[in-house]
Amino acid sequence: MKLLRDEVEELIGQALAKSGITGDNWRNMLAPSRDTSQGDLSLPCFPLAKQLSKNPIELAQTIADEISSHPAIGQVLAVGGYLNIKADMNWLAQQVLSGKVRVGDPFGSLSSTGRKVLIEHTSANPNGPFHVGRARNAILGDSLVRLHRLFGNEVRAEYYVDDMGKQVAVLAWALANLSEQQVEETLVGRDGVNPRWSGKADHETVRWYQAAQKIRGEEDAQAIEEEIGRLVHASEHGDQEVLQQFEAAYQPVLDGMLTTLSRLGIDFDTFTKESEFVINGDVAKLMQRLSEMEIYGEADNGAGYLDLGQRGLKGKTEFFFRRGDGSSLYATRDIAYHMWKWQQSDELINVLGEDHKLQGKQVGMTLQELGQKVPEIMFYSFIKLPEGKMSTRKGNVVFMDDLLEEAQAQAASVVRELRPDYQEQQVLEIAEAVGVSAVRFNIVKVSPDKGFTFRWEEALAFEAGSAPFIMYSHTRAHSVMKRCIEAGADIDSILAEEIDYSNQEMPNGLVELLRTIARHNDVLGKAVNLRKPHLFATQLLDLANAYNGFYRDCHILVEGVPNPFYLQVSETARNLLRTGMQGIGIIPLEQM
RNA sequence: GGGCGUGUAGCAUAGCUGGAUAAUGCAUCGGCCUCCUAAGCCGAAGACCGCGGGUUCAAAUCCUGCCGCGCCCGCCA
C-alpha cells in the first residue's frame with residue numbers, strides 16, 4: 001500500500017536508526033501484510049535482528065515502541081518478530097476521498113507519465129478466421145494496451161501485417177487457380193462454412209487456403225509448388241505486381257478478422273506491412289550490415305547466418321538471415337521492422353506465442369549486435385481443447401465468432417430468466433456486453449505463461465470469479481447513485497461535501513473496501529510494468545468483492561436520504577471499477 | 001538428445017524479486033430475498049504446493065537432480 005508506505009517509511013527509518021540499523025535494505029522488506037487482520041504493512045525483523053545480534057521478537061517490540069504516533073497510523077504491533085502497521089481508517093478514508101487514488105482513462109492517448117510505448121500484438125497471418133487460440137494474443141495484447149493507457153502511458157497499438165511469404169502466397173495462388181467447385185470437391189467430407197458466417201471473407205476464403213494446402217500435399221503437386229515458390233520469391237524481392245496480388249487476396253480476409261476483433265473491443269492505431277521494409281531497402285541494408293559482422297558465417301550455397309553461439313546462445317547457435325538465393329527471411333525483416341519501431345517509440349512491447357521464443361531471442365541478440373535496444377516480449381502459452389491441440393487442419397478448433405455468438409446466447413437466456421420484465425432489445429444489448437466481457441475475462445485472468453484448456457462450460461460460466469460478477473457490482477454502484485438522484489439528492493454537492501472523518505462508523509465491509517481501493521493503483525503499476533494483466537484482473541475481482549461487502553454493511557440510502565460519506569466511497573469505487581473494467585475490456589453496464 | 005516454460009484441494013486458477021495460519025472460483029454440504037438488483041451475501045468441508053536433495057533464522061517461492069506436460073531446435077512464417 002504505497003499510500004501508507006509513503007507516509008510512514010521515514011518514521012520507520014528513524015526508529016530503526018535509533019536501534020542501530022544502518023543501510024536501506026529494510027525498505028525492500030517492508031511489504032504489504034499477508035492478511036489485513038494483521039495490518040497493512042509488515043516488516044519482518046529477522047535479518048535486522050541478526051545484523052544487531054538481537055532477538056527479533058524483542059527488536060520488533062523495540063521498534064514498535066519507538067514509532068511515534070502519526071495520523072496515518074492506526075496501530076503498531078509487534079508479533080513474533082514481525083512489525084505490523086495498520087493504517088488509521090479515518091485517515092485512509094480521507095486519503096481515498098481526497099483524490100489520492102488516481103482514476104485513469106483506459107482510452108486516453110495523452111500521457112501523464114511521459115512514457116511512450118508501442119505495443120505490437122496479434123499480427124496474425126491473414127489467412128483465416130480467429131480461433132480461440134489465436135485470439136489469446138489479441139485479448140492479452142489489447143488488455144496490455146488499455147492498462148498502459150489507464151496507467152498513464154501514451155500507447156500506440158500496432159498490427160504487423162504479414163503480407164508476403166508462403167502463407168499468403170498459398171492463399172493468393174488458390175484464389176487465382178481454384179474455382180469454387182474445385183475447392184468444394186477438394187474439401188468434401190469436411191464441415192462447410194457455418195451459414196451464420198457465409199459472406200464473411202475470413203470464413204469463406206479460408207476454404208481456398210485449406211483446399212490449396214490439401215492439394216499441395218498430394219502427389220503431382222510439383223508444378224504447383226514451383227508456382228507458389230515463384231510467388232514467394234517474387235514477393236520477397238519486392239515484386240510490386242505480386243505484392244498487389246497478395247494484398248487483393250488477404251485484405252478481405254484481414255478485414256473479416258478485424259471485424260471479429262472489433263466485436264471484442266479490440267482495435268489498432270496503425271498497421272505496418274512487412275513488405276515495406278523490403279521495398280524501401282531497409283532489409284537489404286540490414287543484410288549488408290549483418291554480413292560484415294565478425295560473427296557472420298556463410299553456407300556453401302551463399303546463405304548467410306550469425307553465429308550467436310559466440311554471444312552465449314545455447315542450443316542451435318546459427319541464426320540464418322539470408323537464403324542461398326539472397327532473399328531475406330521472416331526474422332530478418334522483423335529486425336528491420338524493430339529498428340524502424342525504435343524510431344517511433346521509447347518502449348517496445350511485443351506479444352508473441354511461446355513458439356516464437358527462440359526467434360525472439362535471436363532477433364533480440366541481433367538487435368544488440370547492431371547497437372539497438374531489445375524489445376520487451378510478453379510470451380503466452382497456447383490454448384488447447386480438451387480433445388487436444390487446436391488445429392484448423394484437423395477441424396479441431398473453436399472459432400472466436402462462434403464463441404461470441406454462443407456467449408451472447410447463453411447470457412441472453414440468463415437475462416431473460418433473471419429479468420423477465422426487460423424488453424428483448426435490452427436483453428440482447430446486455431447479453432452482448434456480458435458475452436464479450438466474459439470471453440475476454442476468462443482469458444485475461446490466467447497468467448500468460450500458463451497453458452490453458454478451453455472448456456465451453458467454463459467460458460460460459462457467469463458466476464463469482466467471472467466478468468459478470470464484476471459487472472454486477474458495478475451496476476449495483478450505479479443503481480445506488482441513480483436511486484439517490486431519484487430521491488432528489490444533489491449528487492454533486494454531496495460529493496463535494498467535507499466529511500468529518502473522526503465521527504464515522506467503520507463497518508468491516510467499508511474498511512476492506514477502503515483498503516482494496518488503496519491498493520488499486522499499486523496493482524495496476526505492477527500489472528503494467530511486469531506485463532501481467534492477470535494481476536489486475538484479480539484486483540478487479542477483489543474490488544468487486546469488497547464493494548459487495550460494503551454494500552452489505554453500509555446502507556447508502558436510508559429513508560430517502562443519502563449518507564454523504566458512504567456515497568462518496570461508493571462513487572470512488574464505482575469510478576475505479578468502471579475504468580478498471582474498461583482497462584481489461586469488460587464493458588461497464590448501468591443495468592443488467 | 002539440447003534449449004525454454006509449466007506442475008498448487010475433485011476441477012480450474014492466484015501467490016513464485018524468499019517471510020507468519022498457502023488465497024479465489026466451480027463442484028459438495030448448510031444458512032440468508034416484507035430492506036439501495038440474490039449474476040449477490042454468510043458459513044462448513046476440502047492441499048505430503050509433482051518427487052528427492054541443498055541454501056537459509058525462514059522455501060510453494062531460490063539452487064540442483066529426477067518425473068509428467070507444453071513449446072522450440074527450417075536457408076518456414
Of all the nucleotides listed ([options]), which has the minimum atom distance to the side chain of [X]?
X        : options             : answer
A/Leu329 : B/C35, B/C76, B/A12 : B/C76
A/His534 : B/A14, B/C76, B/G25 : B/A14
A/Lys357 : B/C75, B/C4, B/G19  : B/C4
A/Lys316 : B/C73, B/C4, B/A77  : B/C73
A/Leu557 : B/C41, B/C36, B/A12 : B/C36
A/Phe469 : B/A77, B/A39, B/C41 : B/C41
A/Lys450 : B/U8, B/C71, B/G40  : B/U8

Report which part of the nucleic acid [X] touches: base, sugar-phosphate, or nothing (heavy-atom distance under 4.0 Å, all strands).
X        : answer
A/Tyr551 : base
A/Leu358 : sugar-phosphate
A/Cys554 : base
A/Ser42  : base
A/Met592 : base
A/Pro56  : nothing
A/Lys361 : nothing
A/Arg322 : nothing
A/Asn442 : nothing
A/Ala464 : sugar-phosphate
A/Gln591 : base
A/Leu535 : sugar-phosphate
A/Gly80  : nothing
A/Val415 : base

What interatomic distance, in whole Å, is found between [atom1] of [M] and the corresponding atom of [N]?
N     : M     : atom1 : answer
B/G2  : B/U8  : P     : 25 Å
B/G30 : B/G52 : P     : 38 Å
B/U6  : B/U64 : P     : 14 Å
B/G50 : B/U17 : P     : 16 Å
B/C16 : B/C49 : C1'   : 11 Å
B/A60 : B/G3  : P     : 27 Å

Separation of [N] [atom2] from [X] [atom1] (nearest whole Å):
X        : N     : atom1 : atom2 : result
A/Ile470 : B/G40 : CD1   : P     : 12 Å
A/Tyr547 : B/A39 : OH    : C1'   : 16 Å
A/Leu513 : B/C41 : CG    : P     : 13 Å
A/Arg476 : B/C33 : CZ    : C1'   : 11 Å
A/Phe320 : B/C75 : CZ    : C1'   : 6 Å
A/Arg416 : B/A39 : CZ    : P     : 17 Å
A/Gln359 : B/C75 : CD    : C1'   : 13 Å
A/Arg483 : B/C36 : CZ    : C1'   : 6 Å

Give a yes/no answer on whether the side chain of [X] brings an N or O atom under 4.0 Å of OP1 or OP2 in [N].
X        : N     : result
A/Arg455 : B/C11 : no
A/Lys166 : B/A77 : no
A/Arg419 : B/A39 : yes
A/Asn548 : B/C41 : yes
A/Arg323 : B/C76 : yes

Please determine, for [N], whether a Watson-Crick or G-U wobble partner exists with both distances under 3.5 Å, and give it or none.
N     : answer
B/G74 : none
B/C32 : B/G40
B/G46 : none
B/G18 : none
B/G7  : B/C67
B/A60 : none
B/A23 : B/U13

message: Looking at A/Glu486, I want to see if its CD is surrounded by more than 12 non-hydrogen atoms of other residues, nucleotides or ligands under 6.0 Å.
response: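 It does: A/Glu486 CD has more than 12 such atoms within range.
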
- prompt: In this structure, are over 12 heavy atoms from other groups packed under 6.0 Å from A/Glu225 atom CD?
  reply: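 Enclosed.
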
- request: Using a strict cut-off of less than 4.0 Å between a Lys/Arg side-chain nitrogen and an Asp/Glu carboxylate oxygen, indicate whether A/Glu247 and A/Lys273 qualify as a salt bridge.
  value: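 Looking at A/Glu247 and A/Lys273, the cut-off is met.
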
- request: Confirm from the modelled atom types if A/Asn301 and B/C75 form a donor-acceptor pair under 3.5 Å, side chain to base only.
  value: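 Pair found.
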
- prompt: Is A/His555 stacked on the base of B/C35 when the test is centres under 5.5 angstrom and planes under 30 degrees?
  reply: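 Stack criterion not met.
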
query: Would A/Phe46 pass as stacked on B/G19, i.e. its ring centre under 5.5 Å from the base's six-membered ring centre and planes under 30° apart?
result: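 Taking the rule of under 5.5 Å and under 30°, the ring of A/Phe46 does stack on B/G19.
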
query: Given A/Val76, which of A/Leu83, A/Ile63, A/Asn84 fulfils the side chain to side chain contact (heavy atoms under 4.5 Å, CB included) condition?
result: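 Answer to the side chain to side chain contact (heavy atoms under 4.5 Å, CB included) test with A/Val76 among A/Leu83, A/Ile63, A/Asn84: A/Leu83.
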
- request: Answer yes or no for A/Lys357 and A/Phe379: cation-pi contact, defined as NZ/CZ to six-membered ring centre under 6.0 Å and angle to ring axis within 45°.
  value: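 Yes, a cation-pi geometry holds between A/Lys357 and A/Phe379.
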
message: Centre-to-centre under 6.0 Å for A/His356 and A/Tyr380, is that the case here?
response: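 No - the distance between ring centres of A/His356 and A/Tyr380 does not fall below the 6.0 Å cut-off.
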
task: Answer with yes or no whether the side chains of A/Tyr296 and A/Arg322 bring together a donor and an acceptor at under 3.5 Å.
output: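 Yes - a donor-acceptor pair under 3.5 Å links their side chains.
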
query: Should A/Leu428 and A/Gln408 count as side-chain neighbours, where that means a heavy-atom distance under 4.5 Å?
result: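 A side-chain contact exists here, since the closest heavy-atom pair is under 4.5 Å.
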
- request: Could you check if a side-chain atom of A/Gln426 sits within less than 4.5 angstrom of a side-chain atom of A/Ile430, using non-hydrogen atoms only?
  value: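 A/Gln426 vs A/Ile430: side chains touch.
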
